[in-house]
Enquirer: 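One structure follows; several queries about it will come next.
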Amino acid sequence: MPLITTQAEEENDYSLVASLDNVRNFSTILKAIHFREHATCFATKNGIKVTVENAKCVQANAFIQAGIFQEFKVQEESVTFRINLTVLLDCLSIFGSSPMPGILTALRMCYQGYGYPLMLFLEEGGVVTVCKINTQEPEETLDFDFCSTNVTNKIILQSEGLREAFSELDMTSEVLQITMSPDKPYFRLSTFGNAGSSHLDYPKDSDLMESFQCNQTQVNRYKISLLKPSTKALVLSCKVSIRTDNRGFLSLQYMIRNEDGQVCFVEYYCCPDEEVPESES
């Protein structure tokens, strides 16, 4: 499908220009982090990062690399703006979220800079729709300071194993307890609901386990209400990296393949909920 071009636009006027033959390669990733209304967008020559936060306890980042786009230009070192993510997703699906087989919606996205709206040109079957979404002053996002030197434990699982676990979690439990250890039980998920305690263990030599690097035993609890939004990304993903640092902060990084087989990443950071009683650890 030819990309949308408008004779009137002067590309040098725009801080950001990005084009896609298939808008779903963009909207699907954004839906994976859509648990709050507003998001902050960061664009550099490497691509776009979209960040959503809640209560200064959880942060989700969607990374769409420049190579995913058919055209990608950033005139400045970095371009940052805040936007209503709900409105953006509504605009991206303006031709419908379940398209006819073989028919793609193309997207051209332009942003002129601070104070200007985000312009979307969407084309399907020769019909072009133009959307202008007001942008806002970007807010400072949390720095979870999750650097690799502080990572204590890391495992990589095939997503199907975690999807099954999350579907069976006792949702009457307020917390999910995660145990990561170089010794048994290696990787354990525990809940404490109305029916009592339940545990799900993954051996380190499980077929679902792609990588197991645990240096010390860590037992941390996280509010299930904060982890719940990450299941959107889990459903789309093929692999998930689970890391904890020396403070007990949790990183869930999901590898997602789009309809063209390209890889994008969605990452969730979550702070630990409380000290774990020794009797339960």
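Along the sequence shown, the residues carry numbers beginning at 1.
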Enquirer: Just how far is it from atom CD1 of Ile178 to atom CG of Asn153, taken to the nearest 0.5 Å?
Expert: 11.0 Å

Enquirer: Once you measure the plane-to-plane angle for Tyr111 and Phe81, does it fall in the parallel (<30°), tilted (30-60°) or perpendicular (>60°) bin?
Expert: tilted

Enquirer: Would Thr244 and Gln218 count as having a side-chain donor-acceptor pair, cut-off 3.5 Å?
Expert: yes

Enquirer: Check Ser15 against Glu76 and note the closest heavy-atom contact, atom names and distance.
Expert: OG-OE2, 2.9 Å

Enquirer: Could you see if Leu208 belongs to whatever hydrophobic cluster contains Leu234? Use Ile, Leu, Val, Met, Phe, Trp, Tyr and a side-chain cutoff under 4.5 Å.
Expert: yes

Enquirer: Please test Ser251 against Glu267 for side chain to side chain donor-acceptor pair (under 3.5 Å), starting from the C-alpha separation and ending with a verdict.
Expert: CA-CA 7 Å; Ser251 159; Glu267 189 162 48; 3.0 Å; yes

Enquirer: Got a sec: does the CZ of Arg247 have more than 12 other heavy atoms crowding it under 6.0 Å?
Expert: yes

Enquirer: I want to know whether Phe249 and Tyr269 have ring centres closer than 6.0 Å.
Expert: no

Enquirer: Is there a side-chain contact between Glu53 and Val58 (heavy atoms, below 4.5 Å)?
Expert: no

Enquirer: Do you reckon Phe265 sits in the same ILVMFWY cluster as Ile29, going by side-chain contacts under 4.5 Å, direct or chained?
Expert: no

Enquirer: For Glu137, is there an ion pair with Arg82 - N to carboxylate O distance below 4.0 angstrom?
Expert: no

Enquirer: Apply side chain to side chain contact (heavy atoms under 4.5 Å, CB included) to residues Val50 and Thr40 and explain how you reach the verdict.
Expert: CA-CA 6 Å; Val50 184; Thr40 304; over 6 Å; no

Enquirer: Of all the heavy-atom pairs spanning Thr152 and Asp245, show the shortest one and how long it is.
Expert: OG1-C, 3.4 Å

Enquirer: So with a 6.0 Å cut-off around CD of Gln216, is the heavy-atom count from everything else above 12?
Expert: yes

Enquirer: Is the shortest distance from a Lys or Arg side-chain nitrogen in Arg24 or Glu259 to a carboxylate oxygen in the other one below 4.0 Å?
Expert: yes

Enquirer: Go through the steps for Leu122 and Phe95 under the test side chain to side chain contact (heavy atoms under 4.5 Å, CB included), then give the verdict.
Expert: CA-CA 8 Å; Leu122 293 132; Phe95 284 106; 3.8 Å; yes

Enquirer: What about Phe35 and Val266, same hydrophobic cluster or not, with Ile/Leu/Val/Met/Phe/Trp/Tyr joined at side-chain heavy-atom distances under 4.5 Å?
Expert: yes

Enquirer: Checking Thr172 now: which residues fulfil side-chain contact (heavy atoms from CB on, under 4.5 Å) with it, not counting sequence neighbours?
Expert: Asp170, Asn194

Enquirer: Do Ile94 and Ile133 sit in the same hydrophobic cluster, where Ile, Leu, Val, Met, Phe, Trp and Tyr count as joined when their side-chain heavy atoms come under 4.5 Å apart?
Expert: yes

Enquirer: For residues Ser173 and Ile224, determine if any side-chain heavy atom of one lies less than 4.5 Å from a side-chain heavy atom of the other.
Expert: yes

Enquirer: Under 4.5 Å between any side-chain heavy atoms of Thr80 and Tyr114, yes or no?
Expert: no

Enquirer: As an exercise, state the distance from CG of Leu88 to OG1 of Thr135, rounded to the nearest 0.5 Å.
Expert: 12.0 Å

Enquirer: Looking at Glu174, I want to see if its CD is surrounded by more than 12 non-hydrogen atoms of other residues, nucleotides or ligands under 6.0 Å.
Expert: no

Enquirer: So, Arg163 side chain and Ser237 main chain: donor-acceptor pair closer than 3.5 Å or not?
Expert: yes

Enquirer: Supply the atom-to-atom distance Leu16 CG to Gln75 CD, rounded to the nearest 0.5 angstrom.
Expert: 9.5 Å

Enquirer: If you compare all heavy atoms of Lys154 against all heavy atoms of Ser241, which two are closest, and at what distance to 0.1 Å?
Expert: CE-OG, 3.8 Å

Enquirer: In sequence, state the C-alpha distance, the side-chain angles, and the governing distance for Gln59 and Asn61, and then conclude on side chain to side chain donor-acceptor pair (under 3.5 Å).
Expert: CA-CA 7 Å; Gln59 180 187 87; Asn61 297 295; 3.0 Å; yes

Enquirer: So do the side chains of Phe192 and Val175 get within less than 4.5 Å of each other, counting heavy atoms only?
Expert: yes

Enquirer: Can you tell me how far SG of Cys131 sits from CG of Leu118, rounded to the nearest 0.5 angstrom?
Expert: 9.5 Å

Enquirer: With no hydrogens and no angle check, just 3.5 Å: does a side-chain donor-acceptor pair link Thr191 and Ser198?
Expert: yes

Enquirer: Can you tell me how far the CZ atom of Phe212 sits from the OG atom of Ser206, to the nearest 0.5 Å?
Expert: 11.0 Å

Enquirer: Please tell me if the side chains of Leu92 and Leu120 come closer than 4.5 Å, counting only heavy atoms from C-beta onward.
Expert: yes

Enquirer: Using distance only, find each side-chain donor-acceptor pair of residues 182-190 under 3.5 Å and give its atom names and separation, not counting sequence neighbours.
Expert:
from   : atom 1 : to     : atom 2 : distance (Å)
Arg188 : NE     : Asp201 : OD1    : 2.6
Arg188 : NH2    : Asp201 : OD2    : 3.0
Ser190 : OG     : His199 : ND1    : 2.6

Enquirer: Please find the pair of heavy atoms, one from Gly248 and one from Tyr222, that lie closest to each other, and give the distance.
Expert: O-OH, 2.5 Å

Enquirer: Assess whether side chain to side chain contact (heavy atoms under 4.5 Å, CB included) is satisfied between Ile242 and Leu250, documenting all intermediate values.
Expert: CA-CA 7 Å; Ile242 303 165; Leu250 177 68; 3.9 Å; yes

Enquirer: Would you say Glu37's side chain and Asn84's backbone share a donor-acceptor pair under 3.5 angstrom?
Expert: no

Enquirer: In this structure, which one of Glu160, Glu210, Gln253, Gln158 forms a side chain to side chain donor-acceptor pair (under 3.5 Å) with Lys239?
Expert: Glu210

Enquirer: Evaluate whether atom NZ of Lys232 has more than 12 neighbouring non-hydrogen atoms of other residues, nucleotides or ligands under 6.0 angstrom away.
Expert: yes

Enquirer: Restricting to non-hydrogen atoms, name the atom on Leu226 and the atom on Cys57 that form the minimum distance, rounded to 0.1 Å.
Expert: CD1-CB, 3.6 Å

Enquirer: Any side-chain to backbone donor/acceptor pair from Ser181 onto Thr217? Under 3.5 Å, distance only.
Expert: no

Enquirer: To the nearest 0.5 Å, how far apart are CE in Met255 and SG in Cys264?
Expert: 10.5 Å

Enquirer: What are the two closest non-hydrogen atoms of Asn25 and Gln262, and how far apart are they?
Expert: ND2-OE1, 4.2 Å

Enquirer: Kindly indicate whether the side chain of Leu252, heavy atoms from C-beta on, has any atom under 4.5 Å from the side chain of Tyr254.
Expert: yes

Enquirer: Is the Lys NZ or Arg CZ of Lys49 less than 6.0 Å from the centre of Phe63's six-membered ring, within 45° of the axis?
Expert: no

Enquirer: Let me see the working for Met209 and Ile155 under side chain to side chain contact (heavy atoms under 4.5 Å, CB included), right down to the final yes or no.
Expert: CA-CA 7 Å; Met209 193 80 67; Ile155 66 171; 4.0 Å; yes

Enquirer: Would you call Thr51 and Phe42 a side-chain contact if the rule is heavy atoms closer than 4.5 Å?
Expert: yes

Enquirer: So do the side chains of Phe26 and Leu89 get within less than 4.5 Å of each other, counting heavy atoms only?
Expert: no

Enquirer: Under a 4.0 Å N-O cut-off, is there an ion pair linking Arg108 with Glu71?
Expert: yes

